[in-house]
Student: 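Please see the structure below; I have some questions.
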Amino acid sequence: MQRLLHWQGQTYEVQAEADEPLYAILEHLGLPAGTAILTAKADGKIHELQAPVGNHTEFHLLGWDAPEGKYVFWHSSAHILAEAILSLRPEAKPTIGPPIENGFYYDIDFGSSPISPEDFQRIEERFLELAGQPEYFVRKKVSLEQAIDYYEKQKNPYKVELIRELPPDDITFYESGGFVDLCKGPHLWHSGPIRAVKVLSLAGAYWRGDSRKPQLTRVYAISFPEKQLLDEYVAFLEEASKRDHRHLGRVLRLFSFHEEGPGFPFWHPKGMRLLNALQDWMRGKLLRRGYEEIKTPLILTQRLWEQSGHYENYRENMYFTEIDEQPYAIKPMNCPGSTIVYRTERRSYRDLPLRLFEFGLVHRHELSGVLTGLFRVRAFTQDDAHIYCTPDQIESEITDLLHLVNEVYDAFGFTQREIYLSTRPEKYIGSLELWAQAEGALAAALQSAGLSYQINPGEGAFYGPKIDFIVRDSLRRRWQLGTVQLDFSMPRRFGLEYIGPDGQPHVPVMIHRAILGSFERFIGVLLEHTGGELPLWLAPVQVKIVPVSEKYVEYAREIARDLAQRGVRWSIDESDEKLGKKIREAEQEKIPLIWVVGAQEAENRTVSIRDRLFRRRYDGIPLAQAIEETWKAVQSPS
RNA sequence: GCCCCCUUAGCUCAGCGGUAGAGCAACUGAUUUGUAAUCAGUAGGUCGGCGGUUCGAAUCCGUCAGGGGGCUCCA
């Protein structure tokens, strides 16, 4: 039978019998099977090199650059990791070990002989020893009885539990070296390409993610086909840790956290400059887009939350209080407050769409263990808005919204984004017809905006479908920011209506949306994206005036007055230090513009500008010109 | 909340059973500085809190608090 093989832009034609393994064909052709070629794809599925070619006629050969290549590589690495760990801890019970976005892990029950980071080096050494032999991955079909018998002898109840849930006629083991693992594959042909490994961390993980079940130890690791790639990855981790927003928040004096209020950020003066600049910009943008701003109370009666359904579904995450012996709750979301504003007036179809936004401060009781800097806090400010519209306005509203979202993300250089459309889940409210219309409107809007997106089937909220936005930062890490949710439930629960052209009351559709998500979290993401080098329009200090010596402080103060008058955020270094030191400090503060003034500048009424963004210096710029150009440059994007 | 790890001066960290250290920051003085660290000096810590073991605890054990990494990307 004729087969076509694709590799690096070339196509190879060969004759091969169905029982011939793919690697044999590759070797015959002189292709780098099991080295550069890690695995293959046939008919849309991964096809292992060691598997017979069967009836497939076309194969795409894949290397390290392909996601499938990495997947198989790391999956096989997980087996070797388990084998390495078991050789050091024979009593340990392996459970599951999948590849993940960056590397792989293996969940292991260590019983009474836990491991610690001190063991990492020995595990890595053992791993490389095993991988270097190399070990061949051999697939074996086993019967239910054989499989259970094997793991009962190993005293591994986890694997037995997994086996019992599998279709009895489709159970496979993979054997590599002396290690046998229940596994569906696919795997590398052999471990030869695995040349470098790093055990990254240990973490607790519940068996099957269930907090009532035993807690296992998750060993995270990553492996590579070349040592150099590992070195690059380690360098990436170091860069990421330098950009940690919790660290930057402290050294740039933006915000802090304290025992007195775990999960509640304290914003310092410079942090407030940033937060306010961001909010002012967003506010201006929304007002120009036909939104109107509202502000609703932080504390509202418990009865309201019962009516909204939050009390029933979200109580665990809410804070409660009491006023005049009546139960109240601190708002975890802004929507109920918004609906109260809506229904304060009799609304007509002519009023729709009604776009109400609120920079709403919400409080949520997050579990202490999940709090992480500004990424996960217990009090935060959403750039929240609720759009009330008729069903046939959904598409145009969403289209507008998508343009707005693009504009906002572009302003920060978040040019790589992913969009997910989540559709009707099993449990839902509202008619199928309404769902179909809503999902259709969201999809149509995405298409008409020319945006590519993926569908998460059944992942929508019970009250409506949604769109989620994920951006990638400069280190290619993914962050979920905005979300757009259609809601058929709350307008009904709160008895919202508008009078249609027919003179009859109708229930409006409610669109919940946030673009930044929350200002706090967004600032965290932005700090990591920029490494603290914020764009000029957001920098807490845009210009730092540095007098060469104390003699020129007076001139510096005069410049500051002019800058302040133009709304430019400034500071002066009046310390008794040498110029080099002052420059160094300003650079470390990541201030975009440093204006140096000394004898020459004071005499000629000029400044010497050091521009961090373009790494350039401009000497002898006349003061008036410098101020005018700086004023222009600090303006926020439209 | 649960698991593992961590908590020493404002920050970054060393010390790991014999009674507390460095660098930077702060303060004082000298210096008046030309584009990434001037020199000298001073001060600062009940070693996260509480309890225990010990002749003796920053160091060992327990506990509480806070922080970090995680807690279905699934054979």
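Throughout, a chain's letter reflects where its sequence line sits, starting with A, and its residues are numbered from 1.
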Student: Using 4.0 Å as the upper bound for N to carboxylate O, is an ion pair formed by Arg243(A) and Glu239(A)?
Tutor: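 Salt bridge flag = yes for Arg243(A) with Glu239(A).
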Student: Should Arg273(A) and Val541(A) count as side-chain neighbours, where that means a heavy-atom distance under 4.5 Å?
Tutor: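 In short, these two side chains touch, coming nearer than 4.5 Å.
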Student: Would you say the side-chain atoms of Lys70(A) pair up with the backbone N or O of Trp64(A), donor to acceptor, closer than 3.5 Å?
Tutor: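 Yes; at least one donor-acceptor contact below 3.5 Å.
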Student: Between A75(B), G69(B), U35(B), which one does the side chain of Leu182(A) approach most closely?
Tutor: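 That would be A75(B).
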Student: Distance between the C1' atoms of G56(B) and G18(B), in whole angstroms?
Tutor: 7 Å
Student: Within the 4.5 Å heavy-atom criterion, are Glu601(A) and Pro547(A) side-chain neighbours or not?
Tutor: no
Student: Counting any heavy atom closer than 4.0 Å, what does Gly373(A) reach on the DNA or RNA strands: base, sugar-phosphate only, or nothing?
Tutor: sugar-phosphate
Student: Are Arg584(A) and Glu577(A) ion-paired here, with the side-chain N under 4.0 Å from a carboxylate O?
Tutor: no
Student: Is any side-chain nitrogen or oxygen of Tyr106(A) closer than 4.0 Å to OP1 or OP2 of C73(B)?
Tutor: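 It does not, given that no N or O in the side chain of Tyr106(A) lies less than 4.0 Å from OP1 or OP2 of C73(B).
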Student: My understanding is that a pair needs two contacts under 3.5 Å, Watson-Crick or G-U wobble. By that rule, which nucleotide pairs with A22(B)?
Tutor: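 Across all strands, the one nucleotide that pairs with A22(B) is U12(B).
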Student: Could you check whether Tyr220(A) gets within reach of a base, just the sugar-phosphate, or nothing at all, counting any heavy atom under 4.0 Å?
Tutor: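 Answer is sugar-phosphate: Tyr220(A) comes under 4.0 Å of backbone atoms only.
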Student: Choosing from G1(B), A65(B), A75(B), which nucleotide comes nearest the side chain of Glu259(A)?
Tutor: A65(B)
Student: Tell which nucleotide pairs with A43(B), taking only Watson-Crick or G-U wobble pairs whose two distances are both under 3.5 angstrom.
Tutor: none
Student: Could you walk me through whether Leu536(A) and Leu613(A) pass the side-chain contact (heavy atoms from CB on, under 4.5 Å) test, one step at a time?
Tutor: CA-CA 9 Å; Leu536(A) 190 51; Leu613(A) 206 59; 5.6 Å; no
Student: Quick one: label Ala599(A) by what it contacts on the DNA or RNA (base, sugar-phosphate, nothing), any heavy atom closer than 4.0 Å.
Tutor: base
Student: Tell me which nucleotide among U38(B), C73(B), C71(B) gets nearest to the side chain of Lys578(A).
Tutor: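 Given the options U38(B), C73(B), C71(B), the side chain of Lys578(A) is closest to U38(B).
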Student: Does Arg612(A) use its side chain to pair, donor to acceptor, with the backbone of Lys590(A) at less than 3.5 Å?
Tutor: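 Side chain of Arg612(A) to backbone of Lys590(A): a pair is present.
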Student: Classify Ser201(A) by what it touches in the nucleic acid, base, sugar-phosphate, or nothing, heavy-atom distance under 4.0 Å.
Tutor: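 Sugar-phosphate, no base atom in range.
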Student: Regarding Lys544(A) and Glu585(A), does a basic nitrogen lie under 4.0 Å from an acidic carboxylate oxygen?
Tutor: no
Student: My understanding is that a pair needs two contacts under 3.5 Å, Watson-Crick or G-U wobble. By that rule, which nucleotide pairs with C60(B)?
Tutor: G52(B)
Student: Tell me what Lys159(A) touches on the nucleic acid: a base, only sugar-phosphate, or nothing, going by heavy atoms under 4.0 Å.
Tutor: sugar-phosphate
Student: Any Lys/Arg nitrogen of Glu418(A) or Arg472(A) sitting under 4.0 Å from an Asp/Glu carboxylate oxygen of the other?
Tutor: yes
Student: Quick check on G10(B): is either OP1 or OP2 less than 4.0 Å from any side-chain nitrogen or oxygen of Arg253(A)?
Tutor: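 Looking at the OP1 and OP2 atoms of G10(B), neither is under 4.0 Å from any side-chain N or O of Arg253(A).
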Student: By nearest heavy atom, map His247(A) and Ile583(A) onto RNA chain B; which one lands nearer the 5' end?
Tutor: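 It is His247(A), whose closest nucleotide lies nearer the 5' terminus.
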Student: Side-chain N or O of Arg218(A) less than 4.0 angstrom from OP1 or OP2 on G69(B)?
Tutor: no
Student: Please work out if Gly598(A) contacts a base, only the sugar-phosphate, or nothing of the nucleic acid, heavy-atom cut-off 4.0 Å.
Tutor: base
Student: Can you tell me, in whole Å, how much space there is between the P of C13(B) and that of C50(B)?
Tutor: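 Approximately 25 Å lies between the P atom of C13(B) and that of C50(B).
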Student: Pull out every residue in residues 543-560 of chain A that has a heavy atom closer than 4.0 Å to any atom of RNA chain B, ordered by number, or say none.
Tutor: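 Contacting residues: Val548(A), Ser549(A), Glu550(A), Lys551(A).
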Student: Confirm from the modelled atom types if Glu601(A) and G34(B) form a donor-acceptor pair under 3.5 Å, side chain to base only.
Tutor: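 Pair found.
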Student: Looking at every strand, decide which applies to Lys581(A) at a 4.0 Å heavy-atom threshold: base, sugar-phosphate, or nothing.
Tutor: sugar-phosphate
Student: Which base, if any, makes a Watson-Crick or G-U wobble pair with C71(B), both distances under 3.5 Å?
Tutor: G1(B)
Student: Would you measure the distance from the C1' atom in A26(B) across to the matching atom in U12(B) and give it in whole Å?
Tutor: 16 Å
Student: Of all the nucleotides listed (G68(B), C73(B), A36(B)), which has the minimum atom distance to the side chain of Glu587(A)?
Tutor: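 For the Glu587(A) side chain, the nearest candidate turns out to be A36(B).
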Student: What's the closest nucleotide to the Ser608(A) side chain, out of G69(B), U35(B), G67(B)?
Tutor: U35(B)
Student: Tell me the partner of U7(B), counting only Watson-Crick (N1-N3 plus N6-O4 or O6-N4) or G-U wobble (N1-O2 and O6-N3) with both under 3.5 Å; none if nothing fits.
Tutor: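 Answer to the pairing question: A65(B), which forms a Watson-Crick or G-U pair with U7(B).
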Student: When the C1' atoms of C64(B) and A9(B) are compared, how many Å lie between them, rounded to an integer?
Tutor: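 Rounded to whole Å, the distance is 24 Å.
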Student: Determine whether a donor-acceptor pair (N or O, by modelled atom type, separation under 3.5 Å) exists between the side chain of Arg569(A) and the backbone of Gln542(A).
Tutor: no
Student: Once you apply a heavy-atom cut-off of 4.0 Å, does Asp611(A) come out as touching a base, just sugar-phosphate, or nothing?
Tutor: nothing
Student: In whole Å, what separates the C1' atom of G45(B) from that of U19(B)?
Tutor: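 Nearest-Å result for G45(B) against U19(B) at atom C1': 14 Å.
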Student: If we take the C1' atom in both G23(B) and C60(B), what is their distance in whole Å?
Tutor: 30 Å
Student: Has the side chain of Glu366(A) got a donor or acceptor atom that lies under 3.5 Å from a matching backbone atom of Leu371(A)?
Tutor: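 No.
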Student: Does the protein touch nucleotides 3-8 of chain B at the base, only the backbone, or not at all? Give it as B, S and - per nucleotide, heavy atoms under 4.0 Å.
Tutor: B-----
Student: To the side chain of Arg584(A), which of A25(B), U35(B), A36(B) is closest?
Tutor: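 Nearest to the side chain of Arg584(A) among the choices is A36(B).
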Student: For this output row, return yes or no: ring centroids of Trp479(A) and Phe522(A) closer than 6.0 angstrom.
Tutor: no
